[in-house]
Amino acid sequence: MRLLLIWVLIDLAGVNAPNPVQDQIIETTCSYEWDCVEALSIAWCESYHLPTAFNGEDHGYFQINEYFWSGVFGKEWWSKRYEIESNAAMAHHIWEHSGDFKLWTCGRK
């Protein structure tokens, strides 16, 4: 519930500033069968929802680790890692197979 309140406050703070990228991230992330607020919180913690986030090893707004996952997703899919839909799909695949967000740094809390 606390996380939902945080999202409401963030949303209210930006009520006069349209952000189509943020809207797309929310819509895409919430289109999967997982806790939408938790998924958005993990992505926010990992990258501040920046689709082009890169820290040397992790990519996109969900910060998908290249070493562990580029081979799993293959060259074609991996080449789309900075696209919102692809990054969310990769994250959902990882989440689905691990059962939670423990593989993300921000999910270990």
Side-chain angles (χ1 to χ4, degrees):
M1 187 66 174
R2 187 176 79 211
L3 294 175
L4 184 57
L5 179 59
I6 291 170
W7 279 110
V8 168
L9 291 173
I10 290 170
D11 192 45
L12 288 175
V15 74
N16 292 323
N19 186 337
V21 171
Q22 182 67 19
D23 292 344
Q24 185 181 6
I25 285 173
I26 293 168
E27 183 179 328
T28 302
T29 303
C30 294
S31 71
Y32 289 98
E33 296 284 329
W34 58 6
D35 182 330
C36 175
V37 173
E38 184 179 17
L40 288 167
S41 297
I42 294 295
W44 181 260
C45 176
E46 294 285 342
S47 70
Y48 299 117
H49 291 177
L50 182 63
T52 58
F54 176 66
N55 71 3
E57 296 177 8
D58 304 319
H59 302 259
Y61 80 101
F62 268 106
Q63 291 291 275
I64 309 298
N65 185 274
E66 183 172 8
Y67 178 81
F68 291 107
W69 298 104
S70 64
V72 171
F73 295 119
K75 288 182 183 182
E76 185 177 340
W77 200 4
W78 185 252
S79 71
K80 299 176 183 178
R81 66 194 175 273
Y82 295 113
E83 295 176 13
I84 292 169
E85 295 83 4
S86 297
N87 199 262
M90 289 180 203
H92 185 263
H93 175 85
I94 295 166
W95 173 85
E96 197 169 45
H97 290 325
S98 67
D100 59 22
F101 288 102
K102 67 184 172 205
L103 296 179
W104 281 266
T105 300
C106 295
R108 295 182 193 148
K109 298 176 184 176

Less than 4.5 Å apart, any side-chain heavy atom of [X] and any of [Y]?
| X | Y | value |
| --- | --- | --- |
| Glu38 | Phe101 | yes |
| Ile25 | Pro51 | yes |
| Tyr61 | Thr29 | yes |

Can you classify the ring geometry of Trp78 versus Phe73 as parallel (below 30°), tilted (30 to 60°) or perpendicular (above 60°)?
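Parallel, since the angle between the ring planes stays under 30°.
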Using the test side chain to side chain donor-acceptor pair (under 3.5 Å), find all partners of Glu83 that sit at least two apart in sequence or belong to another chain.
none
Would a single hydrophobic cluster contain both Val21 and Tyr82, if residues Ile, Leu, Val, Met, Phe, Trp and Tyr are joined by side-chain heavy-atom contacts under 4.5 Å?
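No: no chain of side-chain contacts under 4.5 Å links Tyr82 to Val21.
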Do Ile42 and Trp44 share a hydrophobic cluster, counting only Ile, Leu, Val, Met, Phe, Trp and Tyr and linking them when any side-chain heavy atoms are less than 4.5 Å apart?
yes
Please check if the number of heavy atoms outside Phe54 that lie under 6.0 Å from its CZ is greater than 12.
yes
Are more than 12 heavy atoms from other residues, nucleotides or ligands located less than 6.0 Å from atom CD of Glu85?
yes
Verify, without hydrogens or angle tests, whether [X] (side chain) and [Y] (backbone) share a donor-acceptor contact under 3.5 angstrom.
| X | Y | value |
| --- | --- | --- |
| Asn65 | Asp58 | no |
| Gln63 | Ala53 | yes |
| Arg108 | Lys102 | yes |

What distance separates [X] [atom1] from [Y] [atom2], expressed to the nearest 0.5 Å?
| X | Y | atom1 | atom2 | answer |
| --- | --- | --- | --- | --- |
| Thr52 | His59 | OG1 | NE2 | 12.0 Å |
| Ser86 | Glu76 | OG | CD | 9.5 Å |
| Ser41 | Glu46 | OG | CD | 11.5 Å |
| His92 | Met90 | NE2 | CE | 14.5 Å |
| Thr28 | Asp23 | OG1 | CG | 10.5 Å |

Identify, with sequence neighbours excluded, every residue that meets side chain to side chain contact (heavy atoms under 4.5 Å, CB included) alongside Ala91.
Trp34, Phe62, Ile64, Trp104
Tightest non-hydrogen contact, residues Val37 and Asp35, listed as N-OD1, 3.1 Å
Heavy-atom pair with the smallest gap, counting every atom of Gly60 and Asn87
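Between these two residues, the closest heavy atoms are CA-ND2, 3.4 Å.
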